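Predicted model, so just to flag it, every value in this text is computed and none were measured.
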There are 2 protein chains.
Amino acid sequence: MKKNQRPLDQVDLQILSLLYEDASQSNKDIANKVGLAPSSCLERIKRLQADGVITGQRLSVDVNQLGGHIQAMISVRLSDHNRATVSQFQTDLLSLPEVMSIFHMGGENDFLLHVTVSDSAHLRDFVFNAITARKEVNHVETALVYDHQISSTVPSFG
Amino acid sequence: MKKNQRPLDQVDLQILSLLYEDASQSNKDIANKVGLAPSSCLERIKRLQADGVITGQRLSVDVNQLGGHIQAMISVRLSDHNRATVSQFQTDLLSLPEVMSIFHMGGENDFLLHVTVSDSAHLRDFVFNAITARKEVNHVETALVYDHQISSTVPSFG
DNA sequence: GTTGAAACAATGTGGCG
DNA sequence: CGCCACATTGTTTCAAC
């Protein structure tokens, strides 16, 4: 939370919620839905961005159509938990085209890698080449992801 | 994959890749970067949407600023694997404000729930009220998520 | 695929409550 | 101080090529 930041009011939350459902709506549409003039609405959206509440806008794609026919969640344990090792692992893996997102975890697994690959041979190669080949990796477990659904409701409570 | 669909060429992939990095770029900017006239570029983007390669546009928000101070990954096993039971569980949970996304898994866990909560009391209450309270739930395990990083590179390989 | 005109949306300014 | 109306700028979109 930044300094000099007004707390979010109900209208801010309404704007966030609308944009979270569908970020492609125009400012004008949002303004209409929340009952503000477009300029006032835009002012609020800009403030939400400046305050870091809105951090960006991402495209949703159908990875299956891009050749990502299989999705998997790969649990990884490292043997070395230095900040440098952990952070290097994270950076290296995030840059690979197969890796869609990385969860840095507490608990017995250090990382969950959500990956997409073209087929099971690709999955096997990815696990061997990108993960078990690394010295700091201690344990790897792969589970298939049948389906990944993302909520279209913005988290908001208190 | 739909019928009547042209395979993606290099320019399509370039457009996808640019928009995947930052979906807030204007069509005009994308057109410039890929070396097309804005109208041709827009035509391609529209086609990618019509073909279902681009499925939407999502807002990235800082959940921490919305009161989501803790993120967790909750592994759930059900005792009953009927389609109806599984699908009801998925629908019910996805609509809760704490749940950001649901992975339907193969393997010993049926679901991974990526959730955000305000504090550890909230986490405990959520697990009890939304998960273990359900008859079909057999086993629950909760792990803290320190950090979740999403790739800004679109998955793409043959 | 391009160009250029018309339609529309985003943005900045100044005035009002 | 936040909101609105209006003027300006820029973007999208459509038709003709």
Inset, instruction - State which residues pass salt bridge (charged side-chain N to carboxylate O under 4.0 Å, His left out) with R58(B); sequence neighbours excluded, sorted by chain then number. - result: none
Inset, instruction - Not counting sequence neighbours, which residues clear side-chain hydrogen bond (donor to acceptor under 3.5 Å, both in side chains) with N109(A)? List them please. - result: R77(A)
Inset, instruction - Would you jot down, in residue-number order, the residues of residues 10-22 of chain B having a non-hydrogen atom under 4.0 Å from DNA chain D? - result: none
Legend entry - Any pair counted as ring-ring contact (aromatic ring centres under 6.0 Å, His included), so long as it reaches residues 30-84 of chain A, sequence neighbours left out: none
Inset, instruction - Answer yes or no: does a side-chain N or O of R44(B) lie under 4.0 Å from OP1 or OP2 of dG1(C)? - result: yes
Determine all donor-acceptor pairs shorter than 3.5 Å in which one atom belongs to a side chain in residues 94-108 of chain A; sequence neighbours excluded.
residue : atom : partner : partner atom : Å
S95(A)  : OG   : D92(A)  : O            : 2.9
E98(A)  : OE2  : H122(A) : NE2          : 2.7
S101(A) : OG   : H148(B) : NE2          : 2.9

Legend entry - Any residue meeting salt bridge (charged side-chain N to carboxylate O under 4.0 Å, His left out) with E43(B), in chain and number order, not counting sequence neighbours: none
Legend entry - side chain to side chain contact (heavy atoms under 4.5 Å, CB included) evaluation trace for V53(B) with L16(B): CA-CA 9 Å; V53(B) 178; L16(B) 266 184; 3.7 Å; yes
Inset, instruction - Verify whether one side chain among Q25(B) and K33(B) offers a donor that lies under 3.5 Å from an acceptor in the other. - result: yes
Legend entry - Spacing of N32(A) atom CG relative to dC4(D) atom P, expressed in whole Å: 11 Å
Inset, instruction - Could you work out the complete set of other residues in the hydrophobic cluster of F157(B), with links drawn between I, L, V, M, F, W and Y side chains under 4.5 Å apart? - result: none
Inset, instruction - In plain terms, say whether D9(A) and R44(A) are close enough for a salt bridge, that is, a side-chain N and a carboxylate O under 4.0 Å apart. - result: yes
Legend entry - salt bridge (charged side-chain N to carboxylate O under 4.0 Å, His left out) against R124(A), all qualifying residues, sequence neighbours excluded: none
Legend entry - Nearest-nucleotide 5' precedence on DNA chain C, S40(B) against E43(A): S40(B)
Legend entry - d(CG, D9(A); C1', dC3(D)) in whole Å: 13 Å
Inset, instruction - Let me know the distance between CG of L8(A) and P of dG2(D), rounded to the nearest Å. - result: 13 Å
Legend entry - Test item: side-chain donor near acceptor, T85(A) and D80(A), under 3.5 Å: yes
Inset, instruction - Please examine the side chains of L78(B) and V76(B), heavy atoms only from C-beta on, and report whether any two atoms are closer than 4.5 Å. - result: yes
Legend entry - Where protein sits on nucleotides 10-17 of chain D, one letter per nucleotide: B base, S sugar-phosphate only, - none, heavy atoms under 4.0 Å: -SSSB---
Inset, instruction - Could you pull out all residues at least two apart from E136(A) that satisfy salt bridge (charged side-chain N to carboxylate O under 4.0 Å, His left out)? - result: R134(A)
At a cut-off of 3.5 Å, list every protein nitrogen or oxygen paired with a nitrogen or oxygen from nucleotides 15-17 of chain C, distance to 0.1 Å.
none

Legend entry - Terminal axes of the helix from dG1(C)-dC17(D) to dG17(C)-dC1(D) (five pairs each): angle between them, nearest 10 degrees: 30°
Legend entry - Interatomic distance, Q49(A) CD vs dA10(C) P [rounded to whole Å]: 12 Å
